[in-house]
Each structure stands twice: as C-alpha cells, then as structure tokens.
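To start, the structure itself, in structure tokens.
In what follows, every heavy atom counts, from backbone to side chain, and hydrogens, waters and symmetry copies are set aside. Convention: sequence-line order gives letters A, B, ...; per-chain numbering from 1. Keep in mind it's a predicted model, so treat the numbers as computed, not measured.
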2 protein chains.
Amino acid sequence: MDWKLDESLPIRSQLTERLISLIASSRYGPGDRIPSVRDLASDAGVNPNTMQRALCELEDMGLVVTNRTAGRCVTEDINIIDSFRRKRAREQTEEFLKKMSALGLERNEIKSLLKEALGEDEL
Amino acid sequence: MDWKLDESLPIRSQLTERLISLIASSRYGPGDRIPSVRDLASDAGVNPNTMQRALCELEDMGLVVTNRTAGRCVTEDINIIDSFRRKRAREQTEEFLKKMSALGLERNEIKSLLKEALGEDEL
DNA sequence: TAAACTGTATTATTGCTTTAATACAAAGAT
DNA sequence: ATCTTTGTATTAAAGCAATAATACAGTTTA
C-alpha cells in the first residue's frame, strides 16, 4: 500500500487519518485482524513508535480493540464505525463550507464548483 | 479581530490562511494598506517574527506588495487575487471530495450532507 | 532635524515530533 | 519447552517551529 505521506502535517496525524479511512471504507472490515505495529510501520516506512501512537488514537476512538499479546482487531461494533463515519463526514462538510465562505464564495459559485468536480449536470 | 488560532497546525500556516482569507474576501481590498507586522502580530497575539514569515508567503504569492520602509499593500492587480481565489476554491473542493471518498461515502450521501448543511431543498 | 515607524536580519532558547535502539512480559507456534 | 510474535515502555538524539530579544537602515512625521 502507498501511504502517501508528506510534510504538510505531523506523520502521526497522517497515519491516524489513513487508518481511519481504511476502517471507514471497510478495507479493514469489522472484526478483521490488523497487521502488527511493526509490519504496518515497515509498510508505511515510519518508525514503529510513531505507528504505535497512531494506533493508540484509533483505540481511544473505539475503532480498534487491542488484545495485549495477540494483536489488534477492528471493532465488531458496526454502530461505532458508522456513527464515527457520519460524524466525520458532517464535520468535513462544515469545514469545507467554512473554507469556501472564507474565500468569499457565494452559494451559487460553490454549487457550480461541486457540479464541475463531480462531473454532473444535476447535483 | 479574533484570529482563532489553534494547535492543529503550525501557527504560521494559520496566519497565512487567515491573511489570504482577508484578501480573497476583500476585507483587505486591492491597493489597501496592510497594518504593520508588529501591529498584526500584536493583534493576533503571536511573535512578530512569525507574522513576518506569514506575510512573506503572501508576497511570494503576489497577493501583497512590500515597500521596504513604507509598509505593505494588497496588490492592485485584481486578476491575481481573483485567479488565486478560483484556484484555491477548486483545490479545496477536490480535497473535500477526496476526504469524503476516503470515508467511503457515495455521491448520494455527499449530496445529502451538502443539502443539509446549506439548508436547502434543492442543491 | 529628531523621533517614531517601516520591513528585515540575527542569534539563542524552548518545546514538540520523529527517529532510533532497546527492553520486557505474555501468548502462539513449532 | 523453546523460539517467535505480540503490544508496550523507556531513553536519547536530531530536526523543526515558535518565541524572545535585539539590531539596522531607510521613510514618515512631528
């Protein structure tokens, strides 16, 4: 997997986002075993310590469950995953609209840009 | 003015974004004199050095013009401001849609969220 | 002309993030 | 039973961002 890390944000934050995305999009499904800290770190090309911290954040959010010596799994509770997904989506929508307002864009312009980006006539 | 700085990003980046917003939304209009580095820094509650660096980024983008000892002004070239505004808006739209895809959302869900956030029946 | 203000430059220090190199205890695998 | 793998913890070092405290040269202003 290409983790596509850059320097615009702390690496740990980027790892956290990526892991969330993997779970939210079901590429790591409910109950699935997650690769070990060391494997993930090696794959992403980062220090195991950094990956460990990212995973701990996921655990704090309740998205993953840790079995001390037997590895980690995605939570089996679909509600947690789905409500998290909805919450995040809502937040990012708000954030997007705020940024557009900050640029002084009107609703019509926003709608127009979205249509264009989605390649649709009717939004 | 409330600069609303947090710790999610480097302060300099946040200052840059805020200044861009002020210009893009015409709160600092074309040709307008910009407050001094020290005044802006004092207002934002940051170190003058940090504000200075943010302003230099704006200058690199061509949004402000510096008159060595006589302060800074917003560029008088409306084209620069407007094309920058459009470019940013496009980028942020792309970014938003990418984030939504990363969460595994379908177009219908995205549309629905946008309608809800904009408080409109028809988007 | 003198004082205040402009952007800019420099140096040092503090704190955070990341990397690095280990170490440990518990469970699984052979 | 031994070896490997698991998550976790610790300590040190390097790099970067932000702050702090100045200093300088040129322009405005009083």
Practice item. Starting at atom CG of B/Leu40, determine the distance to atom C1' of C/dG7, rounded to an integer number of angstrom. Key: 12 Å

**Study point:** Pairs meeting criterion salt bridge (Lys or Arg N to Asp or Glu O under 4.0 Å) with involvement of residues 5-28 of chain A, two or more places apart
**Key:** A/Arg12-A/Glu57, A/Glu17-A/Arg88

**Study point:** N/O donor-acceptor pair under 3.5 Å between B/Arg107 side chain and A/Leu118 backbone
**Key:** yes

Which residues pass the side chain to side chain donor-acceptor pair (under 3.5 Å) test with [X], sequence neighbours left out?
| X | value |
| --- | --- |
| A/Asp77 | none |
| A/Glu94 | none |
| A/Glu95 | none |

Point to revise | Base versus backbone protein contacts along nucleotides 6-18 of chain D [heavy-atom cut-off under 4.0 Å; B, S, -] | key: BBB-B------SS

Contact check, side chains of [X] and [Y], non-hydrogen atoms, under 4.5 Å:
| X | Y | value |
| --- | --- | --- |
| B/Leu113 | A/Gln92 | no |
| A/Trp3 | A/Leu40 | yes |
| B/Leu9 | A/Leu9 | yes |

What does the list of N/O pairs under 3.5 Å between the protein and nucleotides 13-15 of chain C look like, with a distance for each?
none

